[in-house]
Engineer: 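Below are the structure tokens for one structure; questions will follow.
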Amino acid sequence: MSDHPDEGLGYWSSLIQSIRRARNWSQAVFANEVNSNQETISRWEKGTVIPSLQKQQQIEHLAETANISSFSGFKSIVRFSPYPMLLCDGNDHVIAASGASGFEEGRSVLSQTPAFQHAYFEAFTAQLKADGFWENSGQSRNYHFRSTTHGDFEAVLVSVRIHGSIYCVVQAIPPAARA
């Protein structure tokens, strides 16, 4: 099962198919590359099973060597940002978080939001959905929030499409940039 449920069936199916097309590999050849079997590759591509964490890492490596964009690159950008930054899915799960963000990966954003901000956060996420934010790549929204760790903060949210699914990159706007 996936270490991150938000990196769902469609993501892995699309990524595997992209790698196979780029390399002109059959499912059997791909299976050999990840020490698996053709039947398992077929299930991954049909979206009935998510690869294990070990297999996900092998698949990400194959994508990188084939110059195919994947979560791996986005995760690194987010994780190494010196500013508060997140990569989230449409179900409110944190896929990647910078150390400066104070958020933990694999948990929902709401569960890590101060209780006094829950109503505002829920209204904001409902508005994102109503506005169609999760339907197209390249959309952006501003978000103002208060953190017990960081005080008042503003962030920009940008939708990105990764292998057919929309995700959200959240970047805090440093106070100096807001002046």
Engineer: Would you indicate whether the side-chain heavy atoms of Gln139 and Leu157 approach each other to under 4.5 Å?
Structural biologist: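 Leu157 vs Gln139: side chains apart.
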Engineer: Using the side chain to side chain contact (heavy atoms under 4.5 Å, CB included) criterion, which residues pair with Arg23? Sequence neighbours excluded.
Structural biologist: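 With sequence neighbours excluded, Arg23 shows a side chain to side chain contact (heavy atoms under 4.5 Å, CB included) to Ile19, Trp25, Thr65, Ala66, given in chain and number order.
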Engineer: Mind jotting down which residue pairs meet the side-chain hydrogen bond (donor to acceptor under 3.5 Å, both in side chains) criterion with at least one end in residues 128-138? Sequence neighbours excluded, please.
Structural biologist: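 Found Gln127-Asp131.
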Engineer: Out of curiosity, does Ile95 fall in the hydrophobic cluster containing Tyr83 (side-chain heavy atoms, cut-off under 4.5 Å, transitive links)?
Structural biologist: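 No, because Tyr83 and Ile95 fall into different hydrophobic clusters, even though each may have its own neighbours under 4.5 Å.
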Engineer: Taking side chain as C-beta onward, heavy atoms only, is Glu45 less than 4.5 Å from Ser42?
Structural biologist: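 No, every pair of side-chain atoms sits at 4.5 Å or beyond.
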Engineer: State whether the side chain of Ser101 and the backbone N or O of Ala97 hold a donor-acceptor pair below 3.5 Å, judged by distance alone.
Structural biologist: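 Pair absent, no side-chain N/O of Ser101 close to backbone of Ala97.
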Engineer: Please check: side-chain N/O of Ser98 versus main-chain N/O of Phe80, any donor-acceptor pairing under 3.5 Å?
Structural biologist: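 Not at all, since once roles are kept as given, no pair shorter than 3.5 Å links the two residues.
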Engineer: Tell me every residue that passes side chain to side chain contact (heavy atoms under 4.5 Å, CB included) with Ser26, counting only those two or more places apart in sequence or in another chain.
Structural biologist: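 With neighbours one apart ignored, the set is Ala28, Val29.
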Engineer: Would you please say whether a donor-acceptor pair under 3.5 Å links the side chains of Ser76 and Arg79?
Structural biologist: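 Side chains of Ser76 and Arg79: no pair found under 3.5 Å.
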Engineer: In terms of side-chain geometry, is the basic nitrogen of Glu105 or Lys75 positioned less than 4.0 Å from the acidic oxygen of its partner?
Structural biologist: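 Judged by the 4.0 Å cut-off on N to carboxylate O distance, Glu105 and Lys75 do not form a salt bridge.
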Engineer: Can you name the side chain to side chain contact (heavy atoms under 4.5 Å, CB included) partners of Ile77, sequence neighbours left out?
Structural biologist: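 Expected list: Met85.
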Engineer: Going by the rule side chain to side chain contact (heavy atoms under 4.5 Å, CB included), which residues pair with Glu104 if we only count those two or more places apart in sequence or in a different chain?
Structural biologist: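 If we apply the side chain to side chain contact (heavy atoms under 4.5 Å, CB included) test to Glu104, skipping adjacent residues, the hits are Arg107, Gln112.
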Engineer: Return the set of residues passing ring pair (Phe, Tyr, Trp, His ring centres under 6.0 Å) with Tyr143 (not counting sequence neighbours), or none when no residue passes.
Structural biologist: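 Tyr143: ring pair (Phe, Tyr, Trp, His ring centres under 6.0 Å) contacts with Tyr120, Phe124, Phe145.
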